**Student:** 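One structure is given below, represented as structure tokens, and several questions about it will come after.
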Amino acid sequence: MSLRLWFRSPRYLLTLFLSIMLVLAASFGWLSWRLLRQDRALESQRSQERLDNAADLIAASLLHKFSESRDQLTSLLALSDSDLDARAVELAGQSGGTALIVVFRPQAVDAYPRAGLLYYPFLATTQEAPAIMFEAGEVAEFQQKDLAKAVAVFRELSHSSDPAIRAGALVRLGRNLRKAQQPRAALDIYDQLDHLAATSVGGLPAELLARHARCTLLEELKRTKEVKREAGLLYSDLHNGRWKLARGAYRFYAQETNRWYTPAPELQAHQQDAVSTATAVELLWEAWQRIRRGEDTAAGHRSVWILGRPVLLVWQTSSDRLVALVAGEPYLQQQWLSVLRPLMDRQSVRLALTDAEGHPVLPQFSATSAQQATRSSAETQLPWTMRVVSRDPLVELTQERNRRHLLLLAFISLFAFVSVGSYFIARAVTRELEVARLQSDFVSAVSHEFRTPLASLCQLSEMLTDGRVPNEMRRQEYYEGLHRASERLNRLVGSLLDFGRMQAGAQPYRFELLETESFFKGVVEDFAQEALERGYQVVIAQQPHLPPVHADREALARALRNLLDNAVKYSPQNKTVWAKATTENGRVAISVSDKGLGIAPDEQRRIFKKFVRAASADAAGARGTGLGLTMVEHIVAAHGGQVWVDSELGIGSTFTILLPRAKE
Ligand code: ADP
């Protein structure tokens, strides 16, 4: 095929469409990909901005909280001792028991609420009986090993009017009675000692000494139940700030109590919290010593990590006082973060705080998103490093995935739309081109059909006019030739007009009851006569008693003649054709067979379409318009029948018309 023709061929158009479609799809895909990437970048930028914004707001809010706390502490510093007491209790109460207010003075440490501090970093010395008072008894006890004498001496002293002497004597008396194997008497003594409450003996409250000694004695006496009860009470007093103790004393008595009494797990956890708070207060005390020496800042805040717990310290000092807020994680959660929560909810973020050593002050979260806003303590002036992440990174991911799916769907739809559209356009164009080709073939075929008889007419009439005909017989032959040529032209014009009318639907059928036998015989014999002149023989076979049909005589005759005509036309070698009329399942079957060119299987359906001619006919040089079979099919269909062909290339063809029998 030449290049020019190829450019006009349907295949080229199809390729063109496909290429356009592919280019379209590729550019759309690329655009979508770019769009998606841009969208992702934009989204991540937006969410980073949101996180940064939230981080700044949270930092500002936390700083505000710090300055509020410092203001409160400053206001405490300004108060007199008695007012300070009341105000500090009030402030501590506001925290719901989650924070401790401590006040340091050079000779005193106070904590609000009292129960919040387990032990003290510093205790003022208290008035005690001078040791000399008990010397006589102790000489008897330790040097002379005379317990009876010692008991007598201490009993005497235990009646003293001075509670300090009384307490000292009772402690020693109890000890001696225990040594003298008089536990019950010792128990009574410790009962008395118990009543002396906070009176100090050797720096420890008489009450604590008495109750601890009672537990030991009861244990010796195997009074287990009582030991447990006493130890339980001792435990709760020890942890509820009943006595001001130094760290060593607290540790010792706490350990002792644990021997007899096992507190519930939540109490143990609470105790651990209290221990870390007390340790933090110790640190603060050390800091205050430094502050007083001018080695540390007079006001500040710090987050310390003690026993696996974060403790927040905020302090303010004056020349002779330090007031501080000491709080653990519950305080942060309840007092500060509760204020932040609406903001965090609104921004849909979560917050993590880590102290200077990287300990998690606020519960850490698993890093599901790479995006976060970090603020160091140097940036924010907070004692923590802040990390803000999105609360629902999964939701963001899902949104992004949904967007991607939507885009993909749009892309697929567009692709499908373009494909289908291209297919239909290509098909329509192909068809149009095919019709155009068929029409041009038709025009050339028709002109050729006309040209042959016209040429004969011209030639014969010219010879007759010129008087160049030698004799009468020849002249007669020429006249007959003229007649045949004009007949042929007439038939040609007639068939074209018929086809035109049929296409326009203007061909009215005049149905009548037709005797099949006589009709069939009449048409075929007429044709056989003509065929004989062309050297062809028509073999007629007819089943007797054929049922009549309801038909238009002329139209049906035209259809049958057409088949006969084709049989002769397309059988150039074998000059016999067969016409047969039978019944088939009660219907009339008329068939015309030849042993001619035959038709290829793929063309057997198409030849009934207008202008279509088989390749075998073209190859053999047989002329035709490609309209005959279209007309046959049209006529047969109007009679409620069917027409088909059985053919084999190079062997021959049989065309069959099947008509319904007439209803009599
Ligand atoms: P025409 O004969 O004018 O070309 P038709 O519509 O009658 O048009 O036939 C269409 C085509 O069918 C023919 O061109 C021919 O190729 C094929 N054809 C019809 N009848 C026969 C036949 N008996 N044997 C072989 N080919 C046939």
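Please read all numbers here as calculations on a predicted model, not as lab measurements. We count ligands from 1, going down the list as the structure has it; atoms in each ligand are counted the same way.
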**Student:** Where's the contact between D618 and ligand 1, heavy-atom distance under 4.0 Å: side chain, backbone, both or neither?
**Tutor:**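 It is neither part, as no heavy atom is under 4.0 Å.
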**Student:** Are more than 12 heavy atoms from other residues, nucleotides or ligands located less than 6.0 Å from atom CZ of R431?
**Tutor:**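 Counting neighbours around CZ of R431, 12 or fewer heavy atoms of other residues, nucleotides or ligands fall under 6.0 Å, so no.
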**Student:** Just checking, is any N or O donor in the side chain of E379 or S376 under 3.5 Å from an acceptor N or O on the other one?
**Tutor:**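 Judged by distance alone, the side chains do pair up.
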**Student:** Looking at K569, which atoms of ligand 1 are within less than 4.0 Å of one of its heavy atoms?
**Tutor:**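 Within the 4.0 Å cut-off of K569, ligand 1 contributes 1 (P), 2 (O), 3 (O).
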**Student:** Looking only at side-chain N and O atoms, does R350 offer a donor or acceptor that is under 3.5 Å from a partner on Q372?
**Tutor:**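 The answer is no; no qualifying pair exists.
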**Student:** Around Q459, counting heavy atoms of other residues, nucleotides and ligands shown, do more than 12 lie under 6.0 Å from its CD?
**Tutor:**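 Open.
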**Student:** Would you mind running through ligand 1 and noting each atom that sits below 4.0 Å from a heavy atom of F655?
**Tutor:**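 Those atoms are 19 (C), 20 (N), 21 (C), 22 (C), 23 (N).
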**Student:** May I ask you to identify the nearest protein heavy atom to atom 23 (N) of ligand 1, giving residue, atom name and distance to one decimal place in Å?
**Tutor:**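 Of the protein heavy atoms, D594 OD2, 2.9 Å lies nearest.
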**Student:** Return the closest protein heavy atom for atom 25 (C) of ligand 1 as residue, atom name and distance.
**Tutor:**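 Scanning the protein heavy atoms, the shortest distance from atom 25 (C) of ligand 1 goes to Y570 CB, 3.5 Å.
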**Student:** Ion pair present between R474 and E477, side-chain N to carboxylate O less than 4.0 angstrom?
**Tutor:**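 Yes, this pair counts.
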**Student:** Return the residue, atom name and 0.1 Å-rounded distance of the protein heavy atom closest to atom 3 (O) of ligand 1.
**Tutor:**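 Its nearest protein heavy-atom neighbour is T625 N, 2.8 Å.
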**Student:** Under a 4.0 Å threshold between the charged nitrogen and the carboxylate oxygen, would E533 count as salt-bridged to R484?
**Tutor:**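 Result for this pair is no, no salt bridge flagged.
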**Student:** Do any heavy atoms of G596 fall under 4.0 Å from ligand 1?
**Tutor:**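 So G596 does not count as touching ligand 1.
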**Student:** When you measure from atom 11 (C) of ligand 1 to every protein heavy atom, which one gives the shortest distance, and what is it?
**Tutor:**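 Sorting protein heavy atoms by distance from atom 11 (C) of ligand 1 puts V612 O, 3.9 Å first.
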**Student:** Quick one: look up the protein heavy atom nearest atom 19 (C) of ligand 1 and list residue, atom name and how far away it is.
**Tutor:**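 Its nearest protein heavy-atom neighbour is N566 ND2, 3.5 Å.
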**Student:** Quick check on K580: does its NZ atom have over 12 non-hydrogen neighbours (other residues, nucleotides or ligands) under 6.0 Å away?
**Tutor:**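 No, because the 6.0 Å sphere around NZ of K580 holds 12 heavy atoms or fewer from other groups.
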**Student:** Measuring from atom 16 (O) of ligand 1, which candidate in A615, S647, G598, A614 has the nearest non-hydrogen atom?
**Tutor:**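 It is A614 whose heavy atom sits nearest to atom 16 (O) of ligand 1.
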**Student:** Could you tell me the residue and atom name of the protein heavy atom closest to atom 4 (O) of ligand 1, and the distance to it rounded to 0.1 Å?
**Tutor:**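 Answer, as residue, atom name and distance: R613 NE, 2.7 Å.
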**Student:** Is the NZ atom of K575 crowded by more than 12 outside heavy atoms at less than 6.0 Å?
**Tutor:**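 Count over threshold, so yes.
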**Student:** Could you check atom 26 (N) of ligand 1 against the protein and tell me its nearest heavy-atom contact, residue, atom and distance included?
**Tutor:**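 It is I599 CG1, 3.5 Å.
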**Student:** Under a 4.0 Å heavy-atom limit, does L629 contact ligand 1 with its side chain, its backbone, both, or neither?
**Tutor:**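 Both the backbone and the side chain of L629 come within reach of ligand 1.
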**Student:** Hey, are S593 and T654 close enough side-chain-wise for a donor-acceptor pair under 3.5 Å?
**Tutor:**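 Yes, S593 and T654 have a side-chain donor paired with an acceptor closer than 3.5 Å.
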**Student:** Using a heavy-atom cut-off of under 4.0 Å, does the side chain or the backbone of L627 touch ligand 1, or both, or neither?
**Tutor:**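 Within the 4.0 Å criterion, L627 contacts ligand 1 through backbone atoms alone.
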**Student:** Under 4.0 Å from a heavy atom of S653: which atoms of ligand 1 are those, numbered in the order shown and with their elements?
**Tutor:**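 So the answer, numbered in order with elements, is 24 (N), 25 (C).
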**Student:** What atoms of ligand 1 come within less than 4.0 Å of a heavy atom belonging to G624?
**Tutor:**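 The list of qualifying atoms is 1 (P), 3 (O), 4 (O).
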**Student:** Apply the side chain to side chain contact (heavy atoms under 4.5 Å, CB included) test between S571 and each candidate in N566, L597, D594, T576; give the one that qualifies.
**Tutor:**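 The passing option is D594.
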**Student:** Return yes if a side-chain donor-acceptor contact under 3.5 Å exists between Q543 and T583, otherwise no.
**Tutor:**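 Yes, a side-chain donor-acceptor pair sits under 3.5 Å.
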**Student:** Pull out every atom of ligand 1 sitting under 4.0 Å from any heavy atom of A617, numbered as shown with elements.
**Tutor:**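 The list of qualifying atoms is 15 (C), 16 (O).
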**Student:** Relative to the heavy atoms of G628, which atoms of ligand 1 are at a distance of less than 4.0 Å?
**Tutor:**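 By the 4.0 Å cutoff, the relevant atoms are 5 (P), 6 (O), 7 (O), 8 (O).
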